[in-house]
Amino acid sequence: MVDHGKSFEFLTERIGEALKGEEDRDEKLRTICRLLKDNVPYYNWVGFYIVDEKKRNELVLGPFEGERTEHTRITFGRGICGQAAQIGRTFLVQDVSKEKNYLSCSTKVKSEIVVPIFKNKQVIGELDIDSHALSPFTKQDEAFLKRVSEMASRIL
Ligand code: SME
């Protein structure tokens with residue numbers, strides 16, 4: 001297994017720096033997406049979904065890096081994103097072909113991790129990563145992405 005500890009540490013620092021900048025919220029979220037997608041080879045699509053303030057059981061696609069997706073609005077409970085938002089926990093799917101409640105964006109995608117973003121214990125959004133590799137995610141990814149979600153929470 002590849003040890004990503006060092007690169008995750010480096011990326012956490014870079015994200016921390018990006019969040020201190022003068023850019024607006026979406027520009028900062030886009031920078032996080034870019035840093036993750038460009039530096040972790042098996043992160044092939046990286047994006048944020050944000051809870052709609054007017055319809056609090058729907059997620060709206062925010063900044064992302066990777067191919068366009070038709071899933072720009074997802075109701076809580078639908079797909080991996082909707083389930084993670086409804087239940088309020090990380091969903092790690094190492095093989096999407098085995099997941100029944102899944103919204104496909106591209107046939108290239110083999111696995112996905114969705115990490116909720118919390119504010120005052122409420123889900124306010126989530127970080128979604130698709131991979132073209134089967135079973136690429138480890139506990140290290142999960143811990144790292146939780147840290148990134150906590151950092152993103154500060155600007156949401
Ligand atoms: N696969 C997700 C939909 C969002 S795309 O991955 C960008 C899901 O099942 O919720």
Side-chain angles (χ1 to χ4, degrees), residues 4 7-8 11 14-15 18-19 23-119 121-153 155-156:
H4 288 284
S7 49
F8 286 164
L11 282 172
R14 296 283 305 275
I15 289 168
L19 293 182
E23 297 79 10
D24 67 17
R25 182 194 86 167
D26 280 3
E27 199 44 57
K28 286 180 177 167
L29 293 179
R30 198 165 295 114
T31 301
I32 295 176
C33 294
R34 210 173 293 132
L35 279 168
L36 295 179
K37 183 170 181 292
D38 292 352
N39 290 287
V40 186
Y42 52 94
Y43 290 2
N44 301 112
W45 188 96
V46 180
F48 286 94
Y49 281 92
I50 314 287
V51 173
D52 187 340
E53 285 183 9
K54 295 191 189 94
K55 289 186 179 171
R56 299 209 60 93
N57 68 336
E58 286 188 15
L59 295 158
V60 182
L61 181 62
F64 68 94
E65 283 288 313
E67 283 178 30
R68 287 189 166 278
T69 171
E70 63 185 282
H71 303 298
T72 54
R73 193 172 265 280
I74 299 175
T75 307
F76 277 33
R78 288 196 68 225
I80 296 168
C81 291
Q83 293 179 81
Q86 188 168 55
I87 297 168
R89 71 162 172 82
T90 296
F91 265 61
L92 201 176
V93 181
Q94 301 281 25
D95 180 353
V96 294
S97 74
K98 299 208 168 97
E99 173 69 44
K100 286 198 188 74
N101 190 356
Y102 169 67
L103 303 169
S104 173
C105 289
S106 150
T107 51
K108 285 187 236 159
V109 175
K110 300 279 191 298
S111 55
E112 177 163 5
I113 183 167
V114 180
V115 182
I117 302 172
F118 295 95
K119 193 161 244 172
K121 299 195 175 150
Q122 296 277 315
V123 176
I124 54 164
E126 51 191 35
L127 174 59
D128 178 15
I129 299 184
D130 287 347
S131 176
H132 297 168
L134 262 181
S135 300
F137 303 113
T138 66
K139 288 278 167 211
Q140 273 188 335
D141 290 271
E142 207 175 324
F144 166 59
L145 295 171
K146 271 191 183 158
R147 178 92 185 88
V148 175
S149 296
E150 283 160 16
M151 294 168 89
S153 160
I155 60 163
L156 288 182

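These numbers come from a predicted model, not from an experiment. Residue numbers count from 1 along this sequence. Read the numbers this way: they start at 1 and go in the same order the structure lists the ligands and their atoms.
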- Pairwise side-chain contact, I129 with Y42, heavy-atom cut-off 4.5 Å (strictly under): no

- Item | Flag side-chain contact, heavy atom, 4.5 Å: R30 against E23 |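 Side-chain contact under 4.5 Å: no.
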
- Message: Would you say CD of E142 has more than 12 non-hydrogen atoms from neighbouring residues, nucleotides or ligands within 6.0 angstrom?
- Response: yes

- Sorted by chain and residue number, the residues with a non-hydrogen atom under 4.0 Å of ligand 1 are W45, Y49, G79, I80, C81, Y102, L103, C105, E112, D128, D130

- Item | Partner set under ring-ring contact (aromatic ring centres under 6.0 Å, His included) for F137, not counting sequence neighbours |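 For F137 there are no ring-ring contact (aromatic ring centres under 6.0 Å, His included) partners, ignoring immediate neighbours.
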
- Summary of salt bridge (charged side-chain N to carboxylate O under 4.0 Å, His left out) pairs that have at least one residue in residues 72-92, sequence neighbours excluded: D52-R73, E58-R73

Enumerate, atom names and distances included, each donor-acceptor pair closer than 3.5 Å involving a side-chain atom of residues 31-39, sequence neighbours excluded.
| unit_1 | atom_1 | unit_2 | atom_2 | d |
| --- | --- | --- | --- | --- |
| T31 | OG1 | E27 | O | 2.9 |
| N39 | ND2 | L35 | O | 2.7 |

